[in-house]
Amino acid sequence: MMLSGKTLFITGASRGIGLAIALRAAKDGANIVVAAKTAEPHPKLEGTIYTAAEEIEKAGGKALPLVLDVRDDAGVEAAMAKAAETFGGIDIVVNNASAINLTPLDKIDMKRYDLMHQINTRGTLLCSKMAIPYLKQSDNPHILMLSPPLDMKEKWFKNHTPYSMAKYGMSLAVLGLAGELRSKGIAVNALWPRTTIATAAVKNLLGGDQMMNASRTPEILADAAHMIFSSSAKEVSGNFFIDDTYLSENGVTDFDQYRVNPKVDLAPDFFVPEDSVPPVSLKALVD
């Protein structure tokens, strides 16, 4: 129950990875601010901020659903103030909200690039900035970005330069803010999956049910995030964690629990460095 009574402000928490992180913290009795845009049901996407809040309450936490566009300066500032007013402070910020478009530069509409940049890079910076006054009052404050290691290789950019630039912007924020906020005792880390994760983005944009079957569940990131938040902010900062490696280093041995379909080889995610060796095989399990 390491996160009992702690307040987490999670962007994009109405579904997927953000919701999984919220539910894991809720099991400890944490307070969760569900900060996302989806207030009404979407025809292709499951969940709203209100359905997420219900799940969080059932899991043992307290929830505050807030409609939020992370591009809105005043909106983010007001949401942070509302969170602190409701729960007495903010201990953890999870910058999970993200936009993805894998179109190469010569075919992309620049408005779509602007959207990715504004949500991924600028939104991450904005939410982090507005949270700092509250995090400084916490006894173990963390900022976590769902963003990749800074493995600056051509192969990660050449097929989708606009998206890679926007996503790596989140990781550059980790690099800079870890140093900027270290003296204030605020930890800043990144967390990234080794394999694709079974989310709406993977199903709708990357490969449908076939890719979903070759993925791990969001719970692997939720468990890794929980471990990060349970660590000392003064000792664990400026890291770019890969989910299974970090869990393995902290005693987890059962990774089969996270497979969507054990009979299918796991699909590697973007941006994982070549020298990062998985702690267990990604091949399909043999009966």
Side-chain angles (χ1 to χ4, degrees), residues 2-3 10 15-28 59 94 96 98 100 102 142 144-153 155-156 159 164 167-168 170-171 174 187 189-203 205-232 235-287:
M2 293 291 292
L3 302 183
I10 307 177
R15 63 180 67 88
I17 294 167
L19 178 57
I21 292 173
L23 292 174
R24 179 63 187 86
K27 290 180 181 179
D28 281 9
V94 182
N96 169 68
S98 187
I100 179 173
L102 300 179
H142 286 265
L144 181 69
M145 279 51 142
L146 273 296
S147 67
L150 287 170
D151 188 44
M152 307 298 278
K153 302 288 174 55
K155 66 177 182 178
W156 302 132
N159 296 322
S164 295
K167 199 66 186 177
Y168 270 62
M170 297 175 69
S171 298
V174 173
N189 293 288
L191 178 62
W192 192 247
R194 181 176 301 281
T195 71
T196 55
I197 299 295
T199 63
V202 166
K203 183 173 183 177
L205 300 175
L206 296 184
D209 290 336
Q210 182 177 356
M211 186 65 79
M212 291 286 278
N213 279 316
S215 299
R216 283 171 168 162
T217 65
E219 281 69 32
I220 188 169
L221 288 163
D223 287 347
H226 183 272
M227 282 190 178
I228 294 169
F229 303 148
S230 300
S231 66
S232 169
E235 297 176 4
V236 180
S237 188
N239 299 286
F240 295 88
F241 295 118
I242 300 295
D243 56 0
D244 59 0
T245 298
Y246 182 67
L247 288 169
S248 178
E249 290 172 348
N250 285 276
V252 175
T253 57
D254 178 13
F255 291 93
D256 295 343
Q257 63 179 310
Y258 302 118
R259 285 177 176 259
V260 172
N261 188 339
K263 297 182 179 180
V264 177
D265 289 355
L266 290 167
D269 203 353
F270 302 127
F271 309 127
V272 178
E274 291 179 358
D275 62 359
S276 177
V277 179
V280 295
S281 173
L282 305 185
K283 294 294 184 181
L285 302 182
V286 179
D287 292 334

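All values below were derived from every heavy atom in this structure, side-chain atoms included, with hydrogens, water molecules and symmetry-related copies excluded.
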Review point. With side chains defined as the heavy atoms from C-beta onward, is the minimum distance between Met227 and Val252 less than 4.5 Å?
Key: yes
Point to revise | Contacts of Glu235 that satisfy salt bridge (Lys or Arg N to Asp or Glu O under 4.0 Å) - sequence neighbours left out | key: none
Point to revise | Side-chain heavy atoms of Ile17 within contact of Leu146, under 4.5 Å | key: yes
Practice item. Answer yes or no: is there a donor N or O on one side and an acceptor on the other, between the side chain of Ser230 and the main chain of His226, under 3.5 Å? Key: yes
**Study point:** Set of side-chain contact (heavy atoms from CB on, under 4.5 Å) partners for Ser164, sequence neighbours left out
**Key:** Phe157, His160, Phe271
Check your understanding: Which pair of non-hydrogen atoms, one from Trp192 and one from Leu221, has the smallest distance, and what is that distance?
Key -> C-CD2, 4.2 Å
Check your understanding: Phe255: what forms a ring pair (Phe, Tyr, Trp, His ring centres under 6.0 Å) with it, not counting sequence neighbours?
Key -> none
Review point. With a 4.5 Å limit on heavy-atom distance, are the side chains of Leu282 and Asp265 in contact?
Key: no
Check your understanding: Could you go step by step and tell me if Lys167 and Ser98 meet the side chain to side chain donor-acceptor pair (under 3.5 Å) rule?
Key -> CA-CA 8 Å; Lys167 199 66 186 177; Ser98 187; 2.9 Å; yes
Exercise for review: Determine whether Phe229 and Ile21 make a side-chain contact, defined as any pair of heavy atoms from C-beta on separated by less than 4.5 Å.
Suggested key: yes
Review point. What closest approach, in Å, do Val174 and Asn239 show between heavy atoms, and which atom pair accounts for it?
Key: CG1-O, 4.2 Å
Exercise for review: Find out whether Pro218 and Leu19 are in side-chain contact, i.e. whether some heavy atom of one side chain is under 4.5 Å from a heavy atom of the other.
Suggested key: no
Point to revise | Beyond-backbone contact of Arg216 with Asp244, side-chain heavy atoms, under 4.5 angstrom | key: yes
**Study point:** Residues in side-chain contact (heavy atoms from CB on, under 4.5 Å) contact with Arg259, at least two apart in sequence or another chain
**Key:** Asp256, Pro262, Leu266, Leu285
Check your understanding: Do Arg194 and Ser276 touch side chain to side chain, with heavy atoms closer than 4.5 Å?
Key -> yes
Review point. Judged by atom type as modelled, is there a donor-acceptor pair below 3.5 Å linking the side chain of Ser231 to the main-chain atoms of Ile228?
Key: yes
Review point. Going by distance alone, is a donor N or O of one side chain under 3.5 Å from an acceptor N or O of the other, for Asp223 and Tyr258?
Key: yes
Exercise for review: Could you tell me which residues satisfy side-chain hydrogen bond (donor to acceptor under 3.5 Å, both in side chains) with Asp243, sequence neighbours excluded, listed by chain and number?
Suggested key: none
Practice item. Taking all heavy atoms of Ala190 and all of Phe240, pick out the closest pair and write down the distance. Key: CB-CD2, 3.6 Å
Check your understanding: What residues form a side-chain hydrogen bond (donor to acceptor under 3.5 Å, both in side chains) with Ser237, not counting sequence neighbours?
Key -> none
